[in-house]
Amino acid sequence: MSAPHTTTDASLSATDAVVSAPHTAADASLTTTDAPLTARVPGSKSITNRALLLAAAARGTSRLRAPLVSDDTLAFRGALTALGVRVEAGPHDAFWDVTGTGRGPVGGGGVWCADAGTAARFLPPFTATGRGTYVFDGSAQLRARPLRPLADALERLGATVRAEGDAGLPLRVDADGLRGGELQVDGGLSSQFLSGLLMAGPLLRTPLTVTVRDLVSRPYIDMTVALMRRFGAEVTEEAPGVFRIGTGGYTAVDLPVEPDASTASYFLAAAAVTGRTVTVPGLGRDSLQGDLGFVEVLRTAGARVDVGEDAVTVTGTGRLRGGFEVDMGAISDTFMTLAAIAPLADAPITVRGIGHARLKESDRIAAVAGNLAACGVETETGPDWMTVRPGPVRPALIACHRDHRIAMAFSVLGLRAPGLGFDDPSCVGKTFPGFHAELRRLFPE
Ligand SMILES: O=C(O)C1=C[C@@H](OP(=O)(O)O)[C@@H](O)[C@H](O)C1
Ligand SMILES: C=C(OP(=O)(O)O)C(=O)O
């Protein structure tokens, strides 16, 4: 399997799905003559939290350079610390040194996951490879998110798991190591179940073969496999969706963390709607993050896009083209970035394949539709799609639903639509506490 080039895969699926793109009005008031901007985008949440886990499971001390420092990664780090893993931060969090034991944790205890889906889905399999009783819990928001397919899979590998909530958390894991063998897992609600099981694989007593059905968010699995290999694991995809993992464990590494591609989507979309040029350094064509494929959607919408070796640049062309449909199932964290700016386009835009986005920090289809309605924008929605019609955007109070991406996506719309307020702007801290300051630095009022 050629793991690292997920960006290309995601971008192909984004552009392939385009069915039509007729164009009409351009906004002549926008120009591209202003100075190019460079966005300071912090580290990838998904890479930081995977690297924390893999380093905790590895033999030796790993150095994670430029990790993301945000609510989600601090929750993940705190949970590992509670499990007895040593994490030492360098000056200004320039790096985190993580000392692993080469096996699962022992001793048991409570594990607080806060709002972090990655903590709730990656840490139970890790603890199950160790010994002791672990009780996982998190915020009311995280308690509402599904965990059952993961709990069932861990039971089949020999753990005793009790899910106390309707969906998942609180979750109790009685651990005494896991056996390998053949395992089937359903990936239709979230890819994170499979990522958690794959990462636990090298710590199992015998080799594991996992077959996944109905997988959403596939690029995150490619990221998981690529990082497992970086930490020395033997993992192969023997047939599409069939993964075999050897029992050789992990070895410590020195790992630079890329800037977060989902976070970059807001600044790149800002370029598209303002007619400016925005570059994000450190995100290039070899990125591990499928969400970089969002730029192909911006290209379809009329922006100029350059994905270079070590940077991505988007230039707005003064018009946002609509009149297309796009499947964003592989990169669903970025669908709100598109949907929030879609009223500015010259024709309707339809996003498909995003049913699983209803199971995140909020029901994201409903949250976007509700906020666009408050702005006087027409939408239509279905179980896994939404259409946004162009039209004037009136001032409104955006309901963030404690969802960082709702706040960030609608902030981009706010660059072109005056009078948007936010009921909970600080919820951006889940992945980028400095988001509003950075957007204001680049686009002063
Ligand atoms: O594995 C990961 O790091 C993630 C996978 C995705 O979730 P789903 O697989 O539930 O879509 C994504 O939405 C989330 O922000 C991070
Ligand atoms: C879905 C998200 O987070 P998680 O699943 O990691 O909580 C997200 O960051 O958009």
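Atoms within a ligand are numbered from 1 in the order they appear, just like the ligands themselves.
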Problem set entry | Atom indices of ligand 2 within 4.0 angstrom of Lys45 heavy atoms, with elements | 2 (C), 3 (O), 4 (P), 6 (O), 8 (C), 9 (O)
Exercise. For ligand 2, which part of Arg364 has a heavy atom less than 4.0 Å away: the side chain, the backbone, both, or neither?
Worked result: side chain
Exercise. When you look for heavy atoms under 4.0 Å from ligand 2, do you find them on the side chain of Thr118, its backbone, both, or neither?
Worked result: both
Exercise. Any idea how Phe432 and Phe435 line up, ring-wise: parallel (<30°), tilted (30 to 60°), or perpendicular (>60°)?
Worked result: perpendicular
For this session: For atom 9 (O) of ligand 1, grab the closest protein heavy atom and report residue, atom and distance to one decimal in Å.
Result: Ser191 OG, 2.6 Å
Exercise. Taking only heavy atoms of Ser217, which atoms of ligand 1 are found under 4.0 Å from at least one of them?
Worked result: 8 (P), 9 (O), 11 (O)
Exercise. So, does Ser362 use its side chain to make a donor-acceptor pair with the main chain of Asp403 at under 3.5 Å?
Worked result: no
Problem set entry | Arg121, any N or O under 3.5 Å of ligand 2 N or O | no
Exercise. Just which atoms of ligand 2 are under 4.0 Å from any heavy atom in Gln192?
Worked result: 4 (P), 5 (O), 6 (O)
Problem set entry | Polar side-chain atom of Arg358 near backbone of Pro383 as donor-acceptor pair, under 3.5 Å | yes
Exercise. Leu288 versus Arg230: any side-chain heavy-atom pair under 4.5 Å?
Worked result: yes
For this session: Classify the side-chain pair Thr224/Arg50 by whether it contains a donor and acceptor separated by less than 3.5 Å.
Result: yes
Problem set entry | From the candidates His356, Glu361, Gln141, Arg145, the one that places a heavy atom nearest atom 5 (O) of ligand 2 | Arg145
Exercise. Are side-chain N/O atoms of Ser262 and Asp291 paired as donor and acceptor at under 3.5 Å?
Worked result: yes
Problem set entry | Polar proximity ligand 2 side, Gly117 side, N/O cut 3.5 Å exclusive | yes
For this session: I would like to know whether Leu204 and Thr129 meet side-chain contact (heavy atoms from CB on, under 4.5 Å); could you show each step before the answer?
Result: CA-CA 6 Å; Leu204 268 48; Thr129 66; 3.8 Å; yes
Exercise. For ligand 2, is any non-hydrogen atom under 4.0 Å from Leu142's backbone (N, CA, C, O), its side chain (CB onward), both, or neither?
Worked result: neither
Exercise. Taking the six-membered ring for Trp, are the ring centroids of Phe443 and Phe267 within less than 6.0 Å of each other?
Worked result: no
For this session: For atom 10 (O) of ligand 2, find the nearest protein heavy atom and state the residue, atom name and distance (0.1 Å precision).
Result: Arg405 NE, 2.6 Å
Exercise. If we only count heavy atoms from C-beta on, is the Tyr134 to Pro105 side-chain gap below 4.5 Å?
Worked result: yes
For this session: With heavy atoms of Phe122 as the reference, note each atom of ligand 1 found under 4.0 Å away.
Result: 1 (O)
Exercise. Stepwise, does the salt bridge (Lys or Arg N to Asp or Glu O under 4.0 Å) test hold for Glu164 with Arg172?
Worked result: CA-CA 8 Å; Glu164 286 163 23; Arg172 180 187 154 117; 6.0 Å; no
Exercise. Going by the order shown, which atoms of ligand 2 are within less than 4.0 Å of some heavy atom of Lys430?
Worked result: 3 (O), 4 (P), 7 (O)
Exercise. Which protein heavy atom lies closest to atom 4 (C) of ligand 1, and at what distance to 0.1 Å?
Worked result: Gln192 NE2, 3.3 Å
Exercise. So, Arg121 side chain and Pro146 main chain: donor-acceptor pair closer than 3.5 Å or not?
Worked result: yes
Problem set entry | Ser332 N/O under 3.5 Å from ligand 1 N/O | no
For this session: Output the list of atoms in ligand 2 that are nearer than 4.0 Å to some heavy atom of His404, sorted by atom number.
Result: 8 (C), 9 (O), 10 (O)
For this session: Heavy-atom distances under 4.0 Å are what count here, so tell me which part of Phe193 touches ligand 1: side chain, backbone, both or neither.
Result: neither
Problem set entry | Ligand-residue contact atoms, ligand 1 with Ser190, heavy atoms, under 4.0 Å | 8 (P), 9 (O), 10 (O)
For this session: Decide whether Thr313 and Asp306 meet the rule of one side-chain donor and one side-chain acceptor closer than 3.5 Å.
Result: no
Seminar exercise, completed: Here the atoms of ligand 1 under 4.0 Å from any heavy atom belonging to Asp333 are 12 (C), 13 (O), 14 (C), 15 (O)
Problem set entry | Those atoms of ligand 1 less than 4.0 Å from some heavy atom in His356 | 11 (O)
Problem set entry | Location of contacts on Thr224 toward ligand 1, heavy atoms closer than 4.0 Å | neither
Exercise. Of all the atoms in ligand 1, which lie at a distance below 4.0 Å from a heavy atom belonging to Thr118?
Worked result: 3 (O)
Exercise. Hey, does Pro348 have a side-chain heavy atom less than 4.5 Å from the side chain of Glu380?
Worked result: no
For this session: Look only at interatomic distance and state if Arg50 has a nitrogen or oxygen under 3.5 Å from any nitrogen or oxygen of ligand 1.
Result: yes
Exercise. Among Asp260, Asp72, Asp115, which one satisfies salt bridge (charged side-chain N to carboxylate O under 4.0 Å, His left out) with Lys430?
Worked result: Asp72
Problem set entry | Ligand-residue contact atoms, ligand 2 with Asp115, heavy atoms, under 4.0 Å | 7 (O)
Exercise. Quick one: does Leu268's side chain get under 4.5 Å of Val312's, heavy atoms only?
Worked result: yes
Exercise. Counting both backbone and side chain atoms, is some N or O of Lys360 under 3.5 Å from an N or O of ligand 1?
Worked result: yes
For this session: Check each atom of ligand 1 against the heavy atoms of Lys45 and keep those under 4.0 Å away; list them by number with element.
Result: 14 (C), 15 (O), 16 (C)
Exercise. Hey, does Arg121 come in under 3.5 Å of ligand 1, counting only N/O atoms on both sides?
Worked result: no
Exercise. Looking only at side chains, do Thr279 and Thr38 share a donor and an acceptor under 3.5 Å apart?
Worked result: no
